[in-house]
> 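This structure is in structure tokens; I'll ask about it shortly.
Computed from a predicted model, the values in this text were never measured in an experiment. Chain letters run A, B, ... following the sequence lines, proteins first, then strands; residues in each count from 1.
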Amino acid sequence: MTAPIADILIPLALDQAYSYAVPPGLPLREGDVVQVPLGPRETVGVVWGLRDGAGSNLRRVSGRIGVEALSPALRRLVEWIARYTLAPKGSALAMALRLPEESRTETARIGVRATGMPPSRMTPARGKVVAVAADGVVRGKRALSLEAGVSASVVDGLIDDGVLETVALAPERVAEPPDPDHPHDALSGPQAEAARALVATLTAPPPSGGTAGEGGVTLLEGVTGSGKTEVYFEVVAEALRRGVQSLVLMPEIALTAQFLDRFARRFGVRPAAWHSGVGGRRRERIRAGVASGEVQVVVGARSALFLPFRSLGLIVVDEEHEGAYKQDDGVCYHARDMAVVRGKLENAAVVLASATPSIETRVNAERGRYRRVAMPERFGGRRLPEIRAIDMRAEKVPRGRYLSPSLVSAIAETNARGEQALLFLNRRGYAPLTLCRACGHRYQCPNCSTWLVEHRFRRALVCHHCGHAERRPEACTECGTFDNLTACGPGVERIAEEVAATFPDKRVIVLSSDFPGGAERLRAELQTVAEGGCDIVVGTQLVAKGHNFPHLTLVGVLDADIGLTSGDPRAAERTFQLLQQVTGRAGRGEKPGRALVQTYQPEHPVIAALISGDAERFYAEETAAREVAGLPPFGRLAALVISCTDREAAEAHGRALARVAEPPPGVMVLGPAEAPLALVRGRYRFRLLVKTEREIDIQSYLRDWLARGPKVRGNLRVGIDVDPQSFL
DNA sequence: AGCACGCCGACT
DNA sequence: GTCGGCGTGCTC
């Protein structure tokens with residue numbers, strides 16, 4: 001006698017589905033969310049497979065849970081991600097299953113309505129309620145009492161009296177349906193043209209008949225200020241008309257009230273927003289709404305990628321190049337790439353939008369894997385800022401100072417016109433390195449392979465990797481010499497000090513992610529800058545993205561050379577993108593802007609390309625330079641992320657992998673020979689670069705390597721981060 | 001993720 | 001002599 005057996009995948013760090021017996025009378029289908037016994041407790045799991053077999057000694061599935069089944073496409077996405085990231089399948093599943101902890105049972109909301117009966121006794125408070133309710137409209141109890149200006153007990157009294165009757169209310173809508181034809185500003189010619197090209201890729205057929213597009217991925221490359229957002233809103237509008245769902249992915253920090261309002265101006269209502277701040281009940285509502293199809297547009301951070309869409313027709317990845325799309329703990333994945341994969345699995349069109357597309361995406365476009373739609377001009381006839389280099393070799397800057405005379409006079413001119421200047425330096429704190437003048441001792445993090453950064457305001461030395469902080473000592477901890485430590489190099493705090501000394505009567509604001517007072521104060525401060533409430537901003541890369549500063553007309557880059565010499569093969573690309581973004585902040589308001597870039601190597605390809613504005617040339621040169629350096633062209637670089645709770649085991653593994661004895665044919669470990677260690681969330685972690693000559697399956701190689709490798713203590717975990725290449 | 005099992009420091 | 005620290009391993 002054979003009985004049905006269900007293979008259940010459980011959202012834990014397990015790579016295999018467990019087998020359970022299906023009790024008679026419980027109809028199960030693949031994808032169903034069920035409860036199963038696991039050890040001493042009950043857990044949720046998902047039916048991953050069903051088969052017949054003799055399951056006499058198996059434990060039984062306890063029952064189904066009132067959550068929509070996972071669609072085949074979503075299940076395939078889970079499988080795909082687990083394989084691609086080397087994560088256990090269960091961990092990948094966990095991302096798609098984030099069930100709300102509490103209140104799965106929705107309490108029905110209750111509304112009240114006038115019955116037409118007069119109250120047995122009239123009071124002033126009752127009079128107000130009756131007057132409001134006279135129109136016969138159903139209102140929530142609380143809404144009615146608020147509107148009438150009385151307490152809720154008056155309403156309760158009237159219900160008891162029979163003046164009002166209660167009615168069950170439909171559950172509150174998570175998001176009102178967006179109106180694709182809500183009145184809005186007309187698109188410019190170039191915008192309309194770009195929108196048409198993107199709409200043509202939608203796979204859902206137009207309601208009026210006609211041909212559907214073939215989907216796939218399109219890069220929407222538009223310079224800062226070209227109006228990309230309105231363009232992809234238009235595609236979302238068309239998806240709405242065609243009755244398919246849209247997902248707009250954004251980096252978490254860009255997902256602001258400002259953006260949601262902008263959406264509301266286009267569509268009449270705010271979209272359903274999905275990010276880490278959306279909790280409990282609302283989260284579950286959105287999930288359910290997405291699964292039922294009631295929620296048609298979700299704007300969300302990377303985890304929105306795992307929502308159980310019913311009919312997903314469009315995925316937009318805004319700011320495609322953003323590093324925030326990388327998830328770095330647990331399952332390591334790049335949301336942009338997984339969006340491409342999900343788009344393929346769902347047969348949905350994917351739009352990658354950016355002013356500064358990543359190299360991977362550019363190369364994919366050049367090789368014809370992605371389509372490309374370009375918007376090279378700013379919207380409304382505005383000009384891109386003029387960018388000039390300041391050759392620091394020719395400037396006279398005193399020791400310990402960092403502002404060149406040219407930059408200082410530009411700031412003064414800008415402020416004199418009542419406009420703002422932004423000084424950009426991508427270094428938090430006061431000084432990136434502290435050393436003892438007597439013995440030369442350099443202060444280093446005890447956990448990570450990094451220097452400790454001085455934070456003068458906090459009087460501390462801080463590791464920017466793991467957060468380790470110690471008091472800045474008075475005497476050298478090595479040789480004991482008193483008061484002889486010296487701060488080497490600038491951070492934003494130090495620049496602010498210099499700015500305050502140079503412009504004593506100007507209002508200066510320092511903006512960095514460690515802003516004292518936390519995210520709330522930071523937000524307020526960004527608002528102050530946007531409203532023109534300060535003259536000079538000193539900021540880290542935080543100011544390069546998101547917020548719009550209309551009064552800003554001068555951007556000064558203090559040290560454009562930072563990052564050009566790091567060992568990371570992607571350093572040049574990253575620097576170029578960052579500088580392009582930050583200089584692009586200038587002149588986005590009424591007045592034209594300019595940018596001055598302090599550098600010691602104005603002829604460096606990154607700087608030269610920035611000044612000339614010739615991004616195409618830069619990417620061509622960068623591709624060539626990588627080849628000269630023996631690096632693979634794009635798409636064949638991977639970073640291995642190895643982490644371990646045990647420090648010694650982590651170091652041993654790092655060393656072993658760094659000079660891996662026998663990599664398979666076609667694979668090379670690029671080093672470094674000593675993998676730099678960092679402490680992240682209690683785990684020691686290092687990253688190693690690997691290249692392949694051919695498109696070999698790095699993932700299976702690593703699985704093998706780990707299986708053959710030594711057993712280690714301390715819960716070793718591996719992740720991988722590969723340039724997107726062959727998954728289309 | 002839980003939860004048990006197991007092997008070393010301070011307590012009624 | 002035990003209580004309990006959390007490191008390690010297992011859950012169909």
Side-chain angles (χ1 to χ4, degrees), chain A residues 1-65 67 70 75 78-79 81-82 85-102 104 276 279-280 283-284 287 303 306 327-333 447 642-653 679-685 703 706-707 709-719:
Chain A
M1 173 74 195
T2 62
I5 295 177
D7 293 314
I8 309 290
L9 189 59
I10 293 160
L12 300 178
L14 298 166
D15 197 44
Q16 282 185 334
Y18 285 167
S19 305
Y20 289 84
V22 181
L26 181 69
L28 281 186
R29 291 165 49 168
E30 293 188 352
D32 281 349
V33 184
V34 294
Q35 197 171 53
V36 289
L38 183 72
R41 71 214 135 96
E42 293 276 310
T43 336
V44 289
V46 174
V47 179
W48 221 245
L50 287 166
R51 61 198 159 90
D52 283 331
S56 52
N57 51 355
L58 293 176
R59 298 180 79 174
R60 291 170 149 210
V61 175
S62 312
R64 232 198 335 242
I65 284 183
V67 172
L70 267 65
R75 276 179 279 138
V78 166
E79 291 264 359
I81 288 180
T85 63
L86 302 170
K89 280 186 196 135
S91 304
L93 176 65
M95 301 195 293
L97 260 195
R98 295 270 151 72
L99 294 171
E101 320 70 49
E102 7 73 76
R104 197 160 299 129
S276 55
R283 212 174 163 80
E284 177 48 19
R287 230 193 87 93
S303 61
F306 299 98
Q327 168 132 90
D328 242 8
D329 51 50
V331 181
C332 300
Y333 67 92
N447 304 317
I642 312 269
S643 78
C644 194
T645 50
D646 182 277
R647 176 167 181 157
E648 277 175 34
E651 283 179 328
H653 247 79
L679 181 64
V680 183
R681 288 172 169 239
R683 307 181 66 89
Y684 290 92
R685 159 197 300 179
R703 271 188 211 280
L706 286 166
K711 270 272 167 216
V712 273
R713 314 189 300 133
N715 189 9
L716 184 79
R717 274 197 219 151
V718 192

> Rounding to a whole Å, what distance do you find between R41(A):CZ and dA4(B):P?
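Between P of dA4(B) and CZ of R41(A): 10 Å.
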> Expressed as a whole number of angstroms, how long is the span from L97(A):CG to dA1(B):C1'?
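Roughly 13 Å, once rounded to whole Å.
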> Is there a side-chain contact between Y20(A) and P37(A) (heavy atoms, below 4.5 Å)?
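Yes, at least one pair of side-chain atoms sits under 4.5 Å.
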> Mind calculating the distance between CG (L38(A)) and P (dA4(B)) to the nearest angstrom?
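So the CG-P distance, L38(A) to dA4(B), works out to 13 Å.
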> Please report the distance, rounded to the nearest Å, between CG in L12(A) and C1' in dA1(B).
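So the CG-C1' distance, L12(A) to dA1(B), works out to 5 Å.
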> Can you tell me the distance, in whole Å, between the CG atom of L9(A) and the C1' atom of dA1(B)?
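Checked: the CG to C1' distance equals 14 Å.
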> I need the CD-P distance between Q16(A) and dC12(C), as an integer number of Å.
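It works out to 14 Å between those atoms.
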> Side chain of L14(A), heavy atoms from C-beta onward: which of dC3(B), dT11(C), dA1(B) has the nearest atom to it?
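The answer is dT11(C), which lies nearest to the side chain.
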> OP1 or OP2 of dT11(C) versus the side-chain N and O atoms of Y18(A): is any pair under 4.0 Å?
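For Y18(A), the contact criterion (side-chain N or O under 4.0 Å from OP1 or OP2 of dT11(C)) is not met.
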> Rounding to a whole Å, what distance do you find between R51(A):CZ and dC12(C):P?
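Between P of dC12(C) and CZ of R51(A): 15 Å.
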> Identify which one of Q35(A), E42(A), R41(A) satisfies the side-chain contact (heavy atoms from CB on, under 4.5 Å) criterion when paired with L38(A).
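Considering Q35(A), E42(A), R41(A), a side-chain contact (heavy atoms from CB on, under 4.5 Å) with L38(A) is found only for R41(A).
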> Between dC10(C) atom P and R59(A) atom CZ, what is the distance in whole Å?
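For the pair R59(A) CZ and dC10(C) P, the rounded distance is 17 Å.
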> What does I10(A) touch in the nucleic acid at a heavy-atom separation under 4.0 angstrom: a base, only the sugar-phosphate, or nothing?
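The answer is nothing, as I10(A) stays clear of every strand by at least 4.0 Å.
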> Side-chain contact test, heavy atoms from C-beta onward, threshold under 4.5 Å: evaluate it for I81(A) versus M95(A) and give yes or no.
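Result yes, sub-4.5 Å side-chain heavy-atom pair found.
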> Scan P11(A) against the nucleic acid and name what it touches under 4.0 Å (heavy atoms): base, sugar-phosphate only, or nothing.
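No contact.
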> Any heavy-atom pair between the side chains of W48(A) and E79(A) that's under 4.5 Å?
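Side-chain contact under 4.5 Å: yes.
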